[in-house]
Student: 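Could you have a look at this structure, given as C-alpha cells, before my questions?
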Amino acid sequence: QVQLVESGGGLVQAGGSLRLSCSASGRTFSRYAMGWFRQAPGKEREFVATVTWSGGVTDYADSVRGRFTITRDNAKNTVYLQMNSLKPEDTAVYYCNADPSIRPWGSWSPGDYWGQGTQVTVSS
C-alpha cells in the first residue's frame with residue numbers, strides 16, 4: 001500500500017507559479033508510476049500529468065503541456081508538480097495518484113491510491 005500527502009497549494013495571481021509536492025509512504029513507491037489529477041468545482045476529475053517509476057518518461061494533458069512539469073525523487077519518496085504561467089482555469093483541487101495506467105485509446109486512468117488533495121486558486 002501507498003499513502004500520499006500533498007502540499008504546496010495556495011492562492012496565486014494569473015501568470016504566477018506554484019510547486020506541489022506529494023510525499024509517499026511505503027517501500028514500494030519507486031515501483032509505481034505517479035500522476036497528478038485535478039477537479040474543478042462542478043467538473044469531473046481530470047488527468048494532469050504522469051511520470052514513470054524511473055522518472056524517465058512523462059506525459060501531460062494538452063491544457064498544461066509546456067507550462068507544468070512533473071518530476072520525482074525516489075530517494076525522498078516524493079513527486080512534484082511545477083506549475084508555471086498559471087491561468088484562472090487551472091483553479092482546482094489537485095490530487096496525487098499512484099499507479100495510473102494508460103487506456104488503449106491514449107487517455108490516463110487513475111490508480112487506486114489517492115492523496116487528500118490540495119487547493120490551487122488562480123486569480124485573474
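Numbering of residues begins at 1 and proceeds along the displayed sequence. Computed from heavy atoms alone, side chains included, the values below leave out hydrogens, waters and symmetry copies.
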Student: Please step through side-chain contact (heavy atoms from CB on, under 4.5 Å) for the pair Tyr94 and Gln39, ending with a clear verdict.
Tutor: CA-CA 7 Å; Tyr94 283 71; Gln39 188 167 19; over 6 Å; no
Student: Which distance, rounded to the nearest 0.5 Å, do you find between the OG1 of Thr58 and the CE of Met34?
Tutor: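 One gets 14.5 Å once the value is rounded to the nearest 0.5 Å.
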Student: Do side-chain atoms of Thr91 reach the backbone of Thr121 as a donor and acceptor pair under 3.5 angstrom?
Tutor: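 Not a single qualifying donor-acceptor pair exists.
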Student: So which atom in Ala33 and which in Pro100 form the shortest heavy-atom distance, rounded to 0.1 Å?
Tutor: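 In this case the closest contact between Ala33 and Pro100 is O-CD, 3.3 Å.
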Student: Would you name the heavy atoms of Trp36 and Ile70 that are closest together and state the gap between them?
Tutor: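 Shortest heavy-atom separation between Trp36 and Ile70 comes out as CD1-CD1, 3.5 Å.
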Student: Do Tyr60 side-chain atoms and Thr50 backbone N/O form a donor-acceptor pair below 3.5 Å?
Tutor: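 Between the backbone of Thr50 and the side chain of Tyr60 there is no qualifying donor-acceptor contact (under 3.5 Å).
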Student: What is the minimum heavy-atom distance between Ser17 and Asn84, and which atoms define it?
Tutor: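 Residues Ser17 and Asn84, closest heavy atoms: OG-OD1, 2.9 Å.
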Student: How long is the straight-line distance from OG of Ser109 back to CD1 of Ile102, given to the nearest 0.5 Å?
Tutor: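 Taking CD1 in Ile102 and OG in Ser109, the distance rounds to 10.5 Å.
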Student: So, Thr78 side chain and Ser23 main chain: donor-acceptor pair closer than 3.5 Å or not?
Tutor: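 Checked: no pair found.
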Student: Rounded to the nearest 0.5 Å, what separates atom CH2 in Trp53 from atom CG in Asn74?
Tutor: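 Here the interatomic distance stands at 8.0 Å.
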Student: Look only at the side chain of Asn97 and the backbone of Gly111, and say whether a donor-acceptor pair between them is shorter than 3.5 Å.
Tutor: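 A pair under 3.5 Å: yes.
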Student: If we only count heavy atoms from C-beta on, is the Val2 to Thr28 side-chain gap below 4.5 Å?
Tutor: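 Side-chain contact under 4.5 Å: yes.
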Student: Hey, mind stepping through Trp114 and Leu4 against side-chain contact (heavy atoms from CB on, under 4.5 Å) and telling me if it holds?
Tutor: CA-CA 6 Å; Trp114 293 97; Leu4 306 172; 5.6 Å; no
Student: Which heavy atom of Ala14 sits nearest to which heavy atom of Pro88, and what is that distance?
Tutor: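 Of all heavy-atom pairs spanning Ala14 and Pro88, the closest is CB-CD, 4.1 Å.
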Student: Is Asp73 reaching over with its side chain to a backbone N or O of Val79, donor-acceptor style, under 3.5 angstrom?
Tutor: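 No: the side chain of Asp73 does not pair with the backbone of Val79.
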Student: Measure the spacing between CE of Met83 and CZ of Arg38 and express it to the nearest 0.5 Å.
Tutor: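 One finds 9.0 Å between CE of Met83 and CZ of Arg38.
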Student: Under 4.5 Å between side-chain heavy atoms, hopping through other hydrophobics if needed: is there a path connecting Phe47 to Val93?
Tutor: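 They do share one cluster, since a chain of ILVMFWY contacts under 4.5 Å joins Phe47 to Val93.
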Student: Any donor-acceptor pair under 3.5 Å linking the side chain of Glu6 with the backbone of Gly117?
Tutor: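 Checking the backbone N and O of Gly117 against the side chain of Glu6, a donor-acceptor pair under 3.5 Å is found.
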Student: Tell me the closest heavy-atom pair linking Ser107 and Trp105, and the distance in Å.
Tutor: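 Shortest heavy-atom contact: OG-NE1, 2.9 Å.
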Student: When rounded to the nearest 0.5 angstrom, what is the spacing between OG in Ser7 and CG in Leu20?
Tutor: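 Here the interatomic distance stands at 8.0 Å.
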Student: Once salt bridge (charged side-chain N to carboxylate O under 4.0 Å, His left out) is applied, do any residues pair with Asp59, and if so which ones, sequence neighbours excluded?
Tutor: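 Salt bridge (charged side-chain N to carboxylate O under 4.0 Å, His left out) list for Asp59, sorted by chain: Arg65.
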Student: Which heavy-atom pair separates Phe68 from Val48 by the least distance, and what is that distance?
Tutor: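 Smallest interatomic distance, heavy atoms only, reads CD2-CG1, 3.8 Å.
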Student: Does the ring centre of Tyr95 sit less than 6.0 Å away from the ring centre of Phe37?
Tutor: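 Phe37 vs Tyr95: aromatic centres not under 6.0 Å.
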Student: Among residues at least two apart in sequence or on other chains, which ones pass ring-ring contact (aromatic ring centres under 6.0 Å, His included) with Tyr80?
Tutor: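 Applying ring-ring contact (aromatic ring centres under 6.0 Å, His included) to Tyr80 gives none.
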Student: Report, as yes or no, whether the 6.0 Å neighbourhood of atom CD on Gln13 holds more than 12 heavy atoms from other residues, nucleotides or ligands.
Tutor: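 No, the 6.0 Å shell around CD holds no more than 12 heavy atoms from other groups.
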Student: Report the distance from atom CG of Leu18 to atom CG of Leu81, rounding to the nearest 0.5 Å.
Tutor: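 The CG atom of Leu18 sits 9.5 Å away from the CG atom of Leu81.
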Student: Please name all residues satisfying salt bridge (charged side-chain N to carboxylate O under 4.0 Å, His left out) with Arg45, sequence neighbours left out, ordered by chain then number.
Tutor: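 Applying salt bridge (charged side-chain N to carboxylate O under 4.0 Å, His left out) to Arg45 gives none.
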Student: Keeping Arg67 on the side-chain end and Ser85 on the backbone end, is there a donor-acceptor pair under 3.5 Å?
Tutor: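 Side chain of Arg67 to backbone of Ser85: a pair is present.
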Student: Same hydrophobic cluster for Trp108 and Tyr32, using side-chain heavy-atom links shorter than 4.5 Å among ILVMFWY?
Tutor: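 Hydrophobic grouping puts Trp108 apart from Tyr32.
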